[in-house]
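Let me begin by presenting the structure, written as structure tokens, before commenting on it.
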Amino acid sequence: MAGRRARALGELEAEVLRLLRSADVPLSAKEIVGVFSEPRPAYTTVLTVLDRLQVKGQVDRVAFSPRKLRFRATTTAEESASDSMLTALSTVDDRSAALMMFAGRLDDTDVAFLRDALKARHPPE
């Protein structure tokens with residue numbers, strides 16, 4: 001089925017990052033392809049994704065030799081999510097409004113956790 005996408009845009013990058021983050025050791029592109037179920041992405045497609053992730057600073061190349069490249073994630077999923085939130089905040093004119101909208105969409109458990117985290121960061125005097 002040439003020319004037809006098996007995954008949504010960004011889904012393959014997210015899956016490759018998830019695999020790299022869950023691995024205990026750096027992985028080769030061949031090992032990454034081998035983890036996917038059918039339809040598996042092409043080896044060259046995975047290499048392209050890895051190159052793009054490297055340009056974005058989300059993946060490092062680990063070279064054991066010129067022909068044995070392996071890759072590892074540079075951040076955890078949590079660090080990446082935090083960076084995304086901070087980047088999103090930097091793009092709006094009214095940070096307070098954006099934060100209020102975000103906080104208003106959190107469930108009670110997340111609100112309680114965030115409240116406790118803020119208290120720990122800024123304890124009462």
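Counting begins at 1 with the first residue of the sequence. None of these values were measured; they are calculated from a predicted model. Scope of the values below: all heavy atoms of this structure, side chains included, with no hydrogens, waters or symmetry mates.
Rounded to the nearest 0.5 angstrom, F102 CZ and L114 CG are separated by 7.5 Å. Taking OG1 from T75 and CG from L20, the interatomic distance works out to 10.5 Å, rounded to the nearest 0.5 Å. Once rounded to the nearest 0.5 Å, the distance linking CG of D94 with CG of L99 reads 9.0 Å. Going from atom CG of D116 over to atom CZ of R121 covers 15.5 Å, rounded to the nearest 0.5 Å. Distance CD/E13 to CG/L50: 9.5 Å, rounded to 0.5 Å. Distance check, rounded to the nearest 0.5 Å: CD of Q54 to CG of L47 gives 11.5 Å.
No side-chain heavy atom of R72 sits less than 4.5 Å from a side-chain heavy atom of R21. Here the side chains of T48 and R52 are in contact, with some heavy-atom distance below 4.5 Å. Using a 4.5 Å heavy-atom threshold, the side chains of V59 and L17 count as touching.
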**OP:** Might you work through the side-chain contact (heavy atoms from CB on, under 4.5 Å) test for V16 and F36, ending with a clear yes or no?
**Re:** CA-CA 9 Å; V16 167; F36 282 92; 4.3 Å; yes
Original post:
Hey, mind stepping through L89 and M85 against side-chain contact (heavy atoms from CB on, under 4.5 Å) and telling me if it holds?
Top reply: CA-CA 6 Å; L89 278 176; M85 288 186 272; 5.8 Å; no
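A side-chain donor-acceptor contact under 3.5 Å links R40 to the backbone of G34. Counting only distance, with no hydrogens or angles, the side chain of T74 and the backbone of D60 share no donor-acceptor pair below 3.5 Å. Of the possible polar contacts, none joining the S80 side chain to the T76 backbone as a donor-acceptor pair under 3.5 Å is found.
Summarising the geometry of V33 relative to P41, their closest heavy-atom pair is CG1-O, 3.6 Å, with the distance given to 0.1 Å.
Under a hydrophobic clustering in which Ile, Leu, Val, Met, Phe, Trp and Tyr are joined whenever their side-chain heavy atoms come within less than 4.5 Å, directly or via other members, L118 and F113 fall into different clusters.
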